[in-house]
Amino acid sequence: MVRRNLSQWFFRITDYAERLLADIEMLEHWPERVKTMQRNWIGRSEGAQFTIQVEGGGRFEVFTTRPDTIFGMTFCVLAPEHPLVDELVAGRPEEAEVRAYQEKASHASELERLAEGEKTGVFTGRYAINPVNGKRVPIYIADYVLMGYGTGAIMAVPAEDQRDWDFATRYGLEIIRTVQPPDDWDGEAYSGDGPTINSDFLNGLSREEAKEKAIQWLEENGVGKRSVNYRLRDWLISRQRYWGAPIPIIDCPSCGLVPVPYEQLPVLLPEVTDWLPKGKSPLAAVDTFVETTCPECGGPAKRETDTMDTFVDSSWYFLRFCDPRNDDAPFDPEKARYWMPVDQYIGGIEHAVLHLLYARFITKVLYDMGLAPVEEPFARLFTQGMITLGGAKMSKSKGNVVDPVDMYESHGADALRLYHLFMGPPTEDAVWTNSGIDGTRRFLERVWRLAARDIEYSDRPEDERDRELLGVAHRSLRKVTEDIERFQFNTAVPPLMVLANALSDYTNGEPRKETFDAALRLLLLMLAPMSPHIAHEIWERRGFEGMLAEQPWPDWDPDLAREETVTMVVQVNGKVRDRIDVPADITPEEAERLALASEKARAFIDGHEVRKMVARPPRLVNIVVG
RNA sequence: GCCGGAGUGUUGGAAUCGGUAGACAAGAUCGCCUCAAAAGCGAUUGCCCUAACGGGCGUGUGGGUUCGAGUCCCACCUCCGGCACCA
């Protein structure tokens with residue numbers, strides 16, 4: 001592996017940082033977790049940017065979130081890649097050491113730099129002047145300052161920043177507190193609030209007040225200004241790979257970089273025989289692709305051979321889905337207006353930032369161009385968890401993989417699907433267990449036997465047994481309907497098991513065919529989305545009308561779902577003392593009367609004064625005695 | 001370090017609005033069926049005391065609010081996830 005500097009293409013997503021952040025507020029039906037991850041990823045911070053003069057000539061910009069601590073600056077740090085470094089050290093005794101450090105830093109990956117733990121750096125031999133008080137402070141280069149964030153240079157305030165503290169103590173640099181830490185403070189850098197000290201015109205102010213006043217000073221003296229920084233970086237879209245949309249740019253020796261004209265889009269991938277990456281795009285080896293003419297001057301020119309990150313494609317495919325057969329344009333904005341936004345988007349949590357942020361960005365760009373009808377592509381987002389095994393994500397390299405094909409063969413797709421739904425809340429990770437799928441397999445087999453059994457039907461008139469079975473069926477239907485709407489599939493499975501058991505019990509005592517069929521029919525309709533094959537097979541064999549897949553979702557009947565009697569709890573001082581069956585429409589007075597009549601409750605009441613009764617019919621009566 | 005989420009039986013989990021904690025499964029034990037086993041069917045299964053009736057305790061810990069708290073409030077502990085020299 002080698003690191004190499006390449007000229008590559010970027011999308012300027014940073015121009016949209018503020019909107020991508022602010023519009024998270026619009027995403028009412030997105031999980032909080034994902035929104036938080038996006039906020040962190042964008043990483044907005046407010047502060048000030050200002051200019052620091054170098055003694056003997058030169059200057060650089062720094063960004064800080066703590067302008068209130070500017071009097072505590074005791075040194076400055078530039079990133080090793082900072083463009084000013086060469087100029088600062090040229091011809092000085094420190095030059096060799098600085099260059100060696102830069103060399104080392106350029107080879108180490110960010111991970112290695114971090115892994116070292118200790119903060120390292122070297123002195124440039126040069127000094128900077130603090131604009132607020134003219135103090136002369138040394139300039140270092142150190143790899144804990146990143147070129148990619150802010151200005152690639154910082155004012156170091158060790159008293160209020162732990163990183164600067166670590167560096168200062170390692171290299172014996174001065175530390176001046178500018179925020180008074182609490183009396184019991186025994187830590188090192190103190191980044192909390194407190195009165196400002198050692199800071200001339202900021203003394204005595206709180207952190208926020210001092211921040212404002214410092215920014216005001218910087219602006220009034222023309223040294224700097226209020227500034228907002230984002231952690232979000234521009235989006236590198238160049239890939240030196242075959243699979244990806246070609247970047248539609250032509251490099252002309254006389255006109256420079258020229259976009260491929262609209263009429264010539266899209267640029268299609270050429271056929272190649274060798275896709276293997278060799279440090280540059282496989283397209284570079286295809287002369288018929290590379291050699292072209294400049295759309296502006298008509299002279300010979302070369303095509304860009306990098307392809308786009310495939311995240312680019314996944315950032316707008318949903319717009320294409322609105323108009324998939326359009327040969328003239330990516331999509332017709334009118335059709336997109338009809339379909340967008342996507343009502344319900346489902347994906348893994350691994351897409352929380354990259355895909356979902358890029359898709360939001362591209363949608364906003366297209367919106368600004370008047371092409372996309374909405375600023376946000378996905379109205380509702382649902383993120384599902386992963387199935388793990390032995391405490392780890394399944395992966396071939398770890399060898400902890402359960403192959404679905406094996407499961408289809410041993411238990412069937414229906415049992416597998418049902419177990420997936422049943423194993424836990426779909427938003428959470430879930431642990432795979434073989435005995436779990438055995439359970440859903442057994443359940444489906446019970447349903448099969450129930451429907452295949454030879455039942456001797458009775459032609460007796462309807463009675464409470466029928467009503468009870470239909471009650472169970474319609475209450476199950478109510479629960480399943482509600483839970484599916486809430487995406488709570490794990491709790492939508494048990495009602496089916498309850499209904500199957502009730503059906504089984506029902507067949508033991510003079511079953512009526514009408515009732516049995518009505519309840520079984522509902523069971524199959526509910527089972528169909530979860531375990532479709534067996535549900536359809538039974539439906540067919542029982543000779544129910546039409547095709548199961550074409551049936552509408554049934555409505556539950558409130559009259560049948562209503563329970564006539566419920567178990568009422570009698571509490572004495574909050575403790576359950578008795579349970580009695582009461583009519584569902586019992587009045588509070590009657591509930592209290594029955595509660596007081598309970599012998600079990602009386603044992604705890606007698607000899608005490610009843611101070612209060614709380615009746616919540618028909619479920620509960622609480623008798624408070626003193 | 002910052003941010004987010006979660007702690008419930010032996011296990012996965014349920015309890016939707018502050019009102020029966022543990023639905024439904026899994027596992028285990030016992031029984032029926034069988035020559036036997038598997039499958040199936042039935043029963044039991046939070047912990048402790050009790051021969052039993054019954055009682056006490058119990059949702060990470062400690063406090064609080066309430067007639068009543070797994071659920072609300074405060075403090076703490078632990079675990080998981082995301083970001084992380086981001087100035």
Side-chain angles (χ1 to χ4, degrees), chain A residues 31-45 47 49 62-66 69 76-77 79 110 113-114 116-119 142-146 148-157 160-164 166-167 191 229-233 349-350 352-353 385 391 418-419 422-425 427-440 442-443 445-446 449 479 482-483 486 488 490-498 501 504 566-579 600 603-604 611-617 619-626:
Chain A
E32 206 50 50
R33 181 157 71 128
V34 173
K35 293 199 275 187
T36 306
M37 282 164 74
Q38 292 215 350
R39 285 191 192 101
N40 291 343
W41 192 261
I42 295 167
R44 181 182 200 274
S45 37
Q49 185 171 324
V62 297
F63 171 76
T64 178
T65 54
R66 296 293 305 275
T69 64
C76 284
V77 185
E110 278 198 23
R113 279 160 67 153
L114 269 172
E116 247 180 68
E118 290 282 312
K119 289 187 176 39
D143 62 10
Y144 81 91
V145 172
L146 309 172
Y149 181 78
T151 61
I154 60 160
M155 68 166 195
V157 185
E160 279 90 34
D161 184 292
Q162 189 61 40
R163 295 157 301 182
D164 297 343
D166 294 343
F167 192 83
S191 56
N229 242 284
Y230 300 92
R231 232 135 87 176
L232 184 67
R233 314 259 173 108
I349 189 68
E350 69 273 17
V353 275
L418 195 61
Y419 176 50
F422 186 49
M423 66 198 300
T427 47
E428 304 295 313
D429 288 352
V431 180
W432 178 267
T433 57
N434 286 323
S435 56
I437 192 173
D438 289 343
T440 54
R442 282 201 287 261
F443 165 69
E445 282 171 346
R446 273 205 301 278
R449 285 195 302 269
K479 174 83 176 144
E482 286 168 359
D483 286 354
R486 297 192 295 153
Q488 299 255 332
N490 57 318
T491 53
V493 178
L496 303 187
M497 298 174 166
V498 170
N501 289 340
S504 176
V566 294
T567 305
M568 186 177 82
V569 164
V570 180
Q571 294 184 333
V572 178
N573 286 352
K575 283 183 199 261
V576 178
R577 296 304 181 185
D578 200 4
R579 294 180 166 90
K600 287 178 181 167
F604 294 88
R611 296 198 168 167
K612 188 174 176 179
M613 302 254 282
V614 181
R616 291 284 178 275
R619 296 281 171 201
L620 174 138
V621 172
N622 188 12
I623 303 164
V624 184
V625 299

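Residue numbers begin at 1 in each chain, while the letters A, B, ... track the order of the sequences.
- Look at the C1' atom in both B:rC49 and B:rC35: the space between them is 46 Å, to the nearest Å.
- The salt bridge (Lys or Arg N to Asp or Glu O under 4.0 Å) test applied to A:D164 returns no partner, not counting sequence neighbours.
- Comparing B:rC85 with B:rC2, their C1' atoms are spaced 13 Å from each other, to the whole Å.
- On the C1' atoms, B:rC77 is 33 Å away from B:rA28, given to the nearest whole Å.
- Across all strands, A:R39 comes closer than 4.0 Å to no nucleic acid atom at all (heavy-atom distances).
- Taking the salt bridge (Lys or Arg N to Asp or Glu O under 4.0 Å) definition, one finds that A:D166 meets it with A:K119, sequence neighbours left out.
- Look at B:rU61: its Watson-Crick or wobble partner, with both distances under 3.5 angstrom, is B:rA75.
- Using a 4.0 Å heavy-atom criterion, one finds that A:P425 contacts the sugar-phosphate atoms exclusively.
- Counting atom types as modelled, A:K612 pairs no side-chain N or O with a base atom of B:rC67 as donor and acceptor under 3.5 Å.
- Taking atom C1' in both B:rG13 and B:rU8, the straight-line distance is 9 Å, to the nearest Å.
- Looking at residues two or more places apart in sequence or on another chain, you find a side chain to side chain contact (heavy atoms under 4.5 Å, CB included) between A:K612 and A:V614, A:V624.
- Under the Watson-Crick or G-U wobble criterion, with both distances below 3.5 Å, B:rG4 is paired with B:rC80.
- Rounded to an integer number of Å, the gap from NZ of A:K600 to C1' of B:rG55 is 13 Å.
- Base pairing analysis places B:rA36 opposite nothing; no Watson-Crick or G-U wobble pair with both distances below 3.5 Å involves it.
- Applying the 4.0 Å criterion to OP1 and OP2 of B:rA87, one finds that A:S45 has a side-chain N or O inside that range.
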Revision key, fill the gap. Per-nt protein contacts along nucleotides 24-31 of chain B (heavy atom under 4.0 Å; B base, S backbone sugar-phosphate only, - none) come out as BSSS----

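- B:rC47 and B:rU59 have their C1' atoms separated by 13 Å, with the value rounded to a whole Å.
- Looking at residues two or more places apart in sequence or on another chain, you find a side chain to side chain donor-acceptor pair (under 3.5 Å) between A:D483 and A:K479, A:R486, A:T491.
- Residues that satisfy the salt bridge (Lys or Arg N to Asp or Glu O under 4.0 Å) test with A:R231, not counting sequence neighbours, are absent from this structure.
- In terms of phosphate contacts, A:R619 brings no side-chain nitrogen or oxygen within less than 4.0 Å of OP1 or OP2 of B:rG18.
- For A:K575 against B:rU20, a side-chain-to-base donor-acceptor contact under 3.5 Å is absent.
- Rounded to whole Å, atom C1' of B:rC53 lies 12 Å from atom CZ of A:F604.
- In terms of the side chain to side chain contact (heavy atoms under 4.5 Å, CB included) criterion, residue partners of A:N490 (sequence neighbours excluded) are, by chain and number, A:P425, A:P426, A:Q488.
- Listed by chain and number, the residues in a salt bridge (Lys or Arg N to Asp or Glu O under 4.0 Å) with A:E482 amount to none (sequence neighbours excluded).
- Regarding A:D143, its CG atom lies at a distance of 17 Å from the P atom of B:rA84, rounded to whole Å.
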Taking only N/O atoms, report every protein-nucleotides 3-10 of chain B pair under 3.5 Å with atom names and distance.
none

